[in-house]
There are 2 protein chains.
Amino acid sequence: MEESQLLRGVLEGCVLAIIARGETYGYEILTELTDSGFEGLMEGTLYPILTRLEKKGLISCRKEKSPYGPIRKYFSVTEAGAAYLASFRESYRRISVSADTILNREAESK
Amino acid sequence: MEESQLLRGVLEGCVLAIIARGETYGYEILTELTDSGFEGLMEGTLYPILTRLEKKGLISCRKEKSPYGPIRKYFSVTEAGAAYLASFRESYRRISVSADTILNREAESK
DNA sequence: TTTACTACTTTGCGTCACCAAGTAGCGTGG
DNA sequence: CCACGCTACTTGGTGACGCAAAGTAGTAAA
């Protein structure tokens with residue numbers, strides 16, 4: 001599918017935005033993403049994103065037992081993460097404006 | 001830059017959309033893209049896209065002399081290309097709706 | 001003939017979504 | 001008690017594609 005290419009980078013920003021709404025953990029993020037329209041998303045896609053975000057210092061991690069399964073890793077955004085998210089939103093907006101301009105332009109006289 | 005990741009796949013669709021407006025060639029597409037907001041775009045990025053689109057049979061190519069420089073390769077979309085463009089627009093819209101939902105959601109009670 | 005603009009090509013690189021498989025804690029039904 | 005299903009995180013390999021950098025080449029003006 002060509003779809004996977006369109007998700008590049010977008011996913012990372014979305015994950016950060018979800019965590020920014022309140023401390024949460026991987027599995028919950030996954031269901032939230034699939035509910036929001038990212039339907040085919042696999043665990044093998046999400047968890048590396050979380051690892052990456054943590055490694056970049058954009059989110060921090062806290063472990064806590066789950067009543068239903070293995071240990072959960074709760075994430076929350078750091079200051080750097082909040083700043084990054086803001087700049088991400090701006091980049092995303094700018095690019096989508098450009099793309100919309102081109103994609104939605106009618107076939108004019110040229 | 002993280003920007004380059006956000007361009008993934010988007011560029012290919014935009015290039016196709018530009019060609020769909022009327023037969024054109026690489027260098028002109030490049031200036032059109034940079035004018036539309038894709039400012040840092042390099043030739044080494046665009047031309048491989050054109051090669052790929054042609055190899056997939058989404059565009060066809062015709063050579064013609066330029067009054068100002070080397071030979072130009074004029075491209076136009078094929079039937080398959082038009083169909084692909086339509087499905088691309090739909091994919092793009094669906095994904096950007098999902099992303100907007102997440103990115104523009106206020107920090108609610110959760 | 002040097003500079004500048006037009007115009008296309010090629011190579012190597014790094015990022016990241018995807019797939020597949022694996023590990024593991026917990027609860028329920030047979 | 002053990003197989004199943006849900007929760008929850010991990011890992012390794014693959015492939016797509018944007019980017020930087022350099023090269024080739026035609027035209028025309030300085």
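Just so we're on the same page: letters track the sequence lines, and every chain starts at 1.
B:Leu50 has its CG atom 15 Å from the C1' atom of C:dT10, to the nearest Å. Atom CG of B:Leu46 is separated from atom P of D:dA20 by 14 Å (rounded to the nearest Å). What separates NZ of B:Lys63 from C1' of C:dT9 is a distance of 12 Å, to the nearest Å. A straight line from CE of B:Met42 to C1' of C:dT10 spans 16 Å, rounded to a whole angstrom. A straight line from NZ of A:Lys65 to P of C:dG27 spans 11 Å, rounded to a whole angstrom. When the P atom of D:dG18 is taken as reference, atom CD of B:Glu39 falls 18 Å away, rounded to whole Å. Atom CG in B:Leu6 sits roughly 16 Å away from atom P in D:dC17 (whole-Å rounding).
Each of A:Val77, A:Val15, A:Thr78 was evaluated against A:Ile59; a single residue qualifies, A:Val77, per the side-chain contact (heavy atoms from CB on, under 4.5 Å) test.
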Could you write out each protein N or O paired with an N or O of nucleotides 11-17 of chain C at a distance under 3.5 Å?
residue	atom	partner	partner atom	Å
C:dG14	N2	B:Arg8	NH2	2.6
C:dT15	O2	A:Arg8	NH1	2.8
C:dT15	O2	B:Arg8	NH2	3.3
C:dC16	O4'	A:Arg8	NH1	2.8
C:dC16	O2	A:Arg8	NH1	2.9
C:dC16	O2	A:Arg8	NH2	2.5
C:dA17	OP1	A:Gly9	N	3.0
C:dA17	OP2	A:Arg52	NH2	3.2

Interface polar pairs with nucleotides 6-9 of chain D, N/O, under 3.5 angstrom:
residue	atom	partner	partner atom	Å
D:dT7	OP2	A:Tyr27	OH	2.8
D:dA8	OP1	A:Ser66	OG	2.7
D:dA8	OP1	A:Arg72	NE	2.3
D:dA8	OP1	A:Arg72	NH2	2.4
D:dA8	OP2	A:Tyr25	OH	3.1
D:dC9	OP1	A:Lys73	N	2.7
D:dC9	OP2	A:Gly26	N	3.3
D:dC9	OP2	A:Tyr27	N	2.8
D:dC9	OP2	A:Tyr47	OH	2.9
D:dC9	N4	A:Glu43	OE2	3.0

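Partners of A:Tyr25 by side chain to side chain contact (heavy atoms under 4.5 Å, CB included), not counting sequence neighbours, listed by chain and number: A:Tyr27, A:Glu28, A:Arg72, A:Tyr74. Scored by the side chain to side chain contact (heavy atoms under 4.5 Å, CB included) test, B:Thr51 finds B:Lys55 as partners (sequence neighbours excluded). Partners of B:Ser98 according to the side chain to side chain contact (heavy atoms under 4.5 Å, CB included) rule, which considers only residues two or more places apart in sequence or in another chain, are A:Phe38.
The minimum heavy-atom distance linking B:Leu16 with B:Gly81 is given by the pair CD2-O, 3.7 Å. In this structure, A:Ala17 and A:Leu85 approach most closely via the heavy-atom pair CA-CD2, 3.9 Å.
Side-chain atoms of B:Glu3 and A:Tyr92 form no donor-acceptor pair, as typed in the model, at a separation below 3.5 Å.
Looking at A:Arg94 and B:Glu39, no side-chain N of the basic residue comes within less than 4.0 Å of a carboxylate O on the acidic one, giving no salt bridge. A salt bridge links A:Arg62 to A:Glu23: one of the charged nitrogens lies within less than 4.0 Å of a carboxylate oxygen.
Within residues 88-98 of chain A, no residue has a heavy atom under 4.0 Å from DNA chain C.
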